[in-house]
J.: 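Quick one: structure below, then a few questions.
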Amino acid sequence: MKIKECSDRELFEKIRLGNERVFDEIHSRYAHRMYIYAFHILKNVEVCEDIVQNIFVSLWVKKEGVNIKCLKSYLFKAVKYQIFNHYRENKISDIDLTRLTIVDISSSAIEIMEFKELEQIIHECISNLPKKCQRIFKLSRYEDKSHNEIAESLDISKQTVKNQITIALKKIKENLNNKDIILGNIPLEKRIS
């Protein structure tokens with residue numbers, strides 16, 4: 001059977017035996033799609049390239065010690081966890097946070113469910129904000145109101161608007177960092193390895 005005709009499961013079994021040609025086939029099947037998935041969220045070429053490269057290096061290094069039932073799912077979950085790791089290690093900007101809530105993931109039902117799960121976590125974080133902070137954040141992020149427009153409509157200062165948005169972003173980031181994304185008890189590092 002030709003390598004290109006092999007199922008993912010068959011390919012992974014051959015990788016476990018150290019077959020580099022099979023590894024190249026998996027890379028050609030998924031690397032570009034993984035990059036696009038990451039780029040839709042991060043909008044950073046270098047970071048996305050590094051994420052994909054690190055996942056494939058890890059897959060090769062740990063090939064004998066991991067039990068993968070669905071290779072595609074494993075690879076895309078690894079991308080997602082690397083993105084969350086990137087957010088943990090770096091400050092989440094309001095632009096990045098907004099991207100998380102609007103990115104359109106349509107490649108598979110699993111990815112859509114995972115995205116909806118993350119979106120739900122963010123919405124829960126927002127709903128736990130104090131009412132004033134929550135209202136200001138929603139006006140800013142979901143209704144695209146400027147700081148001036150929010151300040152005028154709520155009869156508060158522009159600085160108060162800025163402060164409340166900063167508080168909201170900080171609390172959302174803390175909640176994301178405190179969750180074992182996504183919602184399991186297994187630490188992030190263990191799930192990727």
J.: Would you mind reporting whether R135 and L154 have side-chain heavy atoms less than 4.5 Å apart?
T.: yes

J.: After noting the C-alpha distance and the side-chain angles of N148 and K158, does the key distance pass the side chain to side chain contact (heavy atoms under 4.5 Å, CB included) rule?
T.: CA-CA 6 Å; N148 284 336; K158 186 177 171 185; 3.1 Å; yes

J.: Might you point out which heavy atoms bring K80 and Y37 nearest each other, and give the distance in Å?
T.: CB-OH, 3.9 Å

J.: Are W60 and L11 linked, directly or through other ILVMFWY residues, by side chains that come within less than 4.5 angstrom of each other?
T.: yes

J.: N54 side chain to D50 main-chain N or O, any donor-acceptor pair under 3.5 Å?
T.: yes

J.: Write down the atom of I15, the atom of K63, and the distance for their closest heavy-atom approach.
T.: O-CD, 3.0 Å

J.: So, for A38 and V79, which heavy atoms are closest and what is the spacing to 0.1 Å?
T.: CB-CG1, 3.9 Å

J.: Would you compute the distance between atom SG of C133 and atom CG of N128 and round it to the nearest 0.5 angstrom?
T.: 11.5 Å

J.: Roughly how far, to the nearest 0.5 Å, is the CD1 atom of I51 from the CE atom of M34?
T.: 9.5 Å

J.: Indicate the atoms forming the closest heavy-atom contact of I136 with I150, along with that distance.
T.: O-CD1, 3.9 Å

J.: If I take atom CD from residue Q82 and atom CD1 from residue I55, how far apart are they, to the nearest 0.5 angstrom?
T.: 5.0 Å

J.: Taking the side chain as every heavy atom from C-beta outward, state whether Q134 and K131 have any pair of such atoms under 4.5 Å apart.
T.: yes

J.: Applying the 4.5 Å side-chain criterion to the ILVMFWY set and letting contacts propagate, would I126 and I167 be lumped into a single cluster?
T.: no

J.: What are the two closest non-hydrogen atoms of R16 and V66, and how far apart are they?
T.: NH2-O, 3.1 Å

J.: Has Q164 got a side-chain atom pairing as donor or acceptor with V161's backbone, closer than 3.5 angstrom?
T.: no

J.: Rounded to the nearest 0.5 Å, how far does CZ of F137 lie from SG of C125?
T.: 9.5 Å

J.: Is any side-chain N of the basic residue among R29 and E25 closer than 4.0 Å to the acidic one's carboxylate O?
T.: yes

J.: Looking at L139 and S153, what are the two nearest heavy atoms and their distance?
T.: CD1-OG, 4.5 Å

J.: Rounded to the nearest 0.5 Å, what's the gap from OG on S28 to CZ on F23? Could you check?
T.: 11.0 Å

J.: Do any N or O atoms from the side chain of E10 and from the backbone of S7 form a donor-acceptor pair under 3.5 angstrom?
T.: yes

J.: Is there side-chain contact between L59 and Y74, with at least one heavy-atom pair below 4.5 Å?
T.: yes

J.: Between N163 and Q159, does any side-chain donor sit less than 3.5 Å from a side-chain acceptor?
T.: yes

J.: Working to the nearest 0.5 Å, report the span between CG of L129 and NZ of K170.
T.: 12.5 Å

J.: Could you check whether any side-chain heavy atom of F39 comes within less than 4.5 Å of a side-chain heavy atom of N44, counting everything from C-beta outward?
T.: no

J.: Is the shortest side-chain heavy-atom distance between L75 and I26 below 4.5 Å?
T.: yes

J.: Closer than 3.5 angstrom, by distance alone: can the side chain of R33 be matched with the main-chain N or O of F76 as a donor-acceptor pair?
T.: no

